[in-house]
Amino acid sequence: MRQIGIIVGVNVKNQEHFHEGMQELIALSDACDIEIVDSLVQNADSINKATYLGKGKLAELSELAKTRGAEVVIFNGELTASQMRNIQGVVDTVVLDRTNLILEIFASRAKTREAKLQVEVVRLQYELPRLIGANENLSRQAGGIGGGTGAGGRNKGAGETKLELDKRRVEEKINAMQRELEELITQRLTQRNQRKKNEIKTVALVGYTNAGKSTVMNYMVQQFIGKEDKEVLEKDMLFATLETSVRKMKLKNRKEFLLSDTVGFVSNLPHKLVKAFRSTLEEVCEADLLIHVVDRSNEDYKSQIEVTNDTLKQIGAGHIPAIYAYNKADLIKSDVLQDNIEEKLVLVSEEDTVLISAKKGDGMKELIELICKRLYPNEVRAKILIPYHLGALMAKINASTNILSSISEEEGMVYEIECNEQIYQQVEAYVLK
Ligand SMILES: Nc1nc2c(ncn2[C@@H]2O[C@H](COP(=O)(O)OP(=O)(O)OP(=O)(O)O)[C@@H](O)[C@H]2O)c(=O)[nH]1
Ligand SMILES: [Mg+2]
C-alpha cells in the first residue's frame, strides 16, 4: 500500500543541484511506494548537528506532517543516529533518510542470493547504530518500509539489556551472512575465471540510473540473439536493474563479445553499498570496454556523467576506455541540437561519442560499429588473390578472417577480407593493390 510522505531538505548556502536532488528524492520515494504530497526546505549556512533542521523548522515539519496526514518524513541526506533520534522525538511519523530509501530499493529489487545478502549486510550495518541509539520511537520503524527485516525486533518499552541482546543478534546475523557471501563470491569468481579463459571480449553498460542501459541491452539482444527470453527488465523506475546480466552477442562477421547490463548509479550512493556491490560490479572492473549510457534529455545530464565517472573510480574501473552513448535523442528538441553548435560538437563529432535512441533504434548501428572498432582496433581490410594451389592458406582465411566478398578468377580466389595484423602478414604477399 502506498504511504503518504513529505520530503525535507536543507539548502546549504544555495547549493548547486539542490532542487534536482529533491526531485530525485521524490523519484526514489516513488520507487519505495511512498507518495510525496509536500516538501519542506530550509535555507541555511549549515546542517544542524543535533536535529538536521533548525528547532523552529522541525516544529513546523511536525505540524505540516499532521495537517497533510503524512506517515513518513524523508530527509534528503544521511542522518546520524542522534539526529534520527532527536527528530523522532519531535515528529510523530516514521523518519527516513535518503540512504534508507536507497537501501530499501536495493533490498526489494535484489533477486539473487548474493545480491540479497549484500544489501542486507549493508542495511543491518546502517541500522545497527541507529537501533542502539534509538528510543521506543524506533518500534514504528522496526519493520522497515515495504516490510523488510529492518534492524530486527520490536523494541517498544525495551530496556538497555534487551537492546544489547538485539545488538548482539544483529551482529551475529551480519557475521553469518558475510560468511555465506564469501562462499558465493568464491563460486562466482571461479565461473568467471572459466569464462576469462575463453578470452571473449567483454563490454559493460554503465551509467546513471534510468539512463537506458537495459534498453540498449535489449536492442542488442533482439538484434543479435533474437530471443525474447534473453531480454532484461527495462522500466521507467529508478534502479530497475540490480543484478548484472551477461549476454553473448554474436555479430555477423564472426566477432562476438559479452555484454553486461549492470546496476545504475545515483548521486550519493551510500559508500558502503558501492563497496558491497564491488563484487558484482567486478564485471564492470574487468570489462575491456565500457558503454557509458547518458540520458541526454535530462537537464542534469552533465552532473550525472560526473557521478557515474566518480563511482567508476571508486570501484576501480576509472581506467577502462569508454564510449559515451548519449541516449533518448528522440526526446531532445531538434532545435536544441541544431542551434547549439558547441553542443553539436560534443554530441556528434567526438570520436568516442554517439547520439542514440535505444528505444527507436536510431544511432544503434553507429554504436555497434564503434564497439567493434574499439574491441578490434587492429582489424585491417584487404583485397587479396590466393592461387588455387594454396589450399591451406585458403582454409586459414576461411577460418580466421571476416570475408566480405569472394570471387573465383582464373588465377585464384579473390577475397575482400577483414583480419587482424597477424593474419595480414601471412597474406600480405597476395594483396591486390
Ligand atoms: N524516449 C526514450 N525513452 C527511452 C530511451 N531509452 C530508454 N528509455 C526509457 O527510459 C526508461 C529507463 O530505461 P532502462 O533501460 O530501464 O534504464 P536503465 O539505465 O537500465 O535503468 P536502471 O536499471 O534503473 O539503472 C524506460 O522507461 C525506457 O523505456 C530512448 O531512447 N528514448
Ligand atoms: Mg536497467
Side-chain angles (χ1 to χ4, degrees), residues 23-33 101-112 115 119 203-223 228 230-247 259-270 273-274 277 280-281 283-284 290-301 303-305 307-312 315 317 322-334 336-337 347-348 353-368:
Q23 254 347 91
E24 197 168 76
L25 194 64
I26 296 178
L28 289 168
S29 308
D30 186 53
C32 285
D33 234 358
L101 289 189
I102 294 175
L103 291 172
E104 181 63 27
I105 296 171
F106 274 66
S108 66
R109 305 275 155 80
K111 287 204 188 64
T112 58
V119 182
V203 180
L205 290 158
V206 297
Y208 209 77
T209 179
N210 217 40
K213 299 172 294 296
S214 299
T215 312
V216 171
M217 174 77 144
N218 285 340
Y219 181 91
M220 303 270 204
V221 168
Q222 280 165 17
Q223 200 79 0
E228 270 178 28
K230 295 278 184 187
E231 287 186 19
V232 296
L233 173 74
E234 57 181 73
K235 210 170 168 191
D236 190 9
M237 169 170 86
L238 299 191
F239 300 115
T241 305
L242 266 193
E243 269 97 39
T244 306
S245 345
V246 183
R247 302 283 186 271
L259 184 66
S260 54
D261 183 22
T262 56
V263 55
F265 302 143
V266 71
S267 60
N268 305 321
L269 194 61
L273 202 57
V274 175
F277 269 83
T280 42
L281 287 170
E283 302 282 350
V284 172
L290 304 179
I291 304 176
H292 184 156
V293 184
V294 179
D295 177 354
R296 182 57 187 77
S297 72
N298 190 308
E299 275 181 24
D300 222 20
Y301 78 98
S303 66
Q304 297 189 342
I305 292 177
V307 168
T308 303
N309 284 335
D310 281 351
T311 315
L312 286 170
I315 62 166
I323 292 174
Y324 284 81
Y326 283 111
N327 190 29
K328 307 198 188 181
D330 56 299
L331 297 181
I332 314 169
K333 286 196 205 99
S334 60
V336 173
L337 288 180
L347 287 176
V348 199
T353 308
V354 265
L355 184 61
I356 60 166
S357 167
K359 207 167 178 176
K360 300 226 151 106
D362 300 338
M364 292 301 284
K365 203 170 142 245
E366 286 79 2
L367 175 61
I368 293 162

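Note: hydrogens, waters and symmetry copies are ignored here, and every other heavy atom, side chains too, is used. Everything numeric here is computed off the predicted structure, so don't read it as measured data. Numbering of ligands and ligand atoms starts at 1, following listing order.
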Student: So is there a nitrogen or oxygen of Ala211 less than 3.5 Å from a nitrogen or oxygen in ligand 1?
Tutor: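 Yes, Ala211 has an N/O under 3.5 Å of an N/O on ligand 1.
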Student: Provide the number and element of each atom of ligand 1 under 4.0 Å from a heavy atom of Thr209.
Tutor: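 Close to Thr209: 22 (P), 24 (O), 25 (O).
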Student: Taking N, O or S atoms only and a limit of 2.8 Å, check whether Ser214 reaches the Mg ion (ligand 2).
Tutor: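 Yes.
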Student: Taking 4.0 angstrom as the limit and counting only heavy atoms of Ala358, give me the atoms of ligand 1 inside it, by number and element.
Tutor: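 Every atom of ligand 1 under 4.0 Å from some heavy atom of Ala358: 31 (O).
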Student: Regarding Asp295 and Lys328, does a basic nitrogen lie under 4.0 Å from an acidic carboxylate oxygen?
Tutor: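 Counted as a salt bridge, because a side-chain N and a carboxylate O are separated by less than 4.0 Å.
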Student: Taking the side chain as every heavy atom from C-beta outward, state whether Val216 and Ile356 have any atom pair closer than 4.5 Å.
Tutor: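 Yes, close enough: below the 4.5 Å cut-off.
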Student: For atom 11 (C) of ligand 1, find the nearest protein heavy atom and state the residue, atom name and distance (0.1 Å precision).
Tutor: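 In this structure, atom 11 (C) of ligand 1 has Asn210 OD1, 3.6 Å as its nearest protein heavy atom.
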Student: Considering distance alone, does some N or O of Lys360 sit under 3.5 Å from an N or O of ligand 1?
Tutor: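 No, since none of the N or O atoms of Lys360 sits under 3.5 Å from an N or O of ligand 1.
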Student: Within a distance under 4.0 Å of any heavy atom of Gly212, pick out the atoms of ligand 1 and give their elements.
Tutor: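 Answer for ligand 1: 7 (C), 13 (O), 14 (P), 15 (O), 17 (O), 18 (P), 19 (O).
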Student: Are any side-chain N or O atoms of Ser357 and backbone N or O atoms of Gly363, one a donor and one an acceptor, separated by less than 3.5 Å?
Tutor: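 No: the side chain of Ser357 does not pair with the backbone of Gly363.
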Student: Taking non-hydrogen atoms only, is Asp261 closer than 4.0 angstrom to ligand 1 via side chain, backbone, both or neither?
Tutor: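 Near ligand 1, Asp261 shows nothing, with every heavy atom at 4.0 Å or more.
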Student: Please list the nearest protein heavy atom to atom 32 (N) of ligand 1 with its residue and the distance rounded to 0.1 Å.
Tutor: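 Atom 32 (N) of ligand 1 sits closest to the protein heavy atom Asp330 OD1, 2.7 Å.
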Student: Against heavy atoms of Gly264, which atoms of ligand 1 measure under 4.0 Å?
Tutor: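 Every atom of ligand 1 under 4.0 Å from some heavy atom of Gly264: 25 (O).
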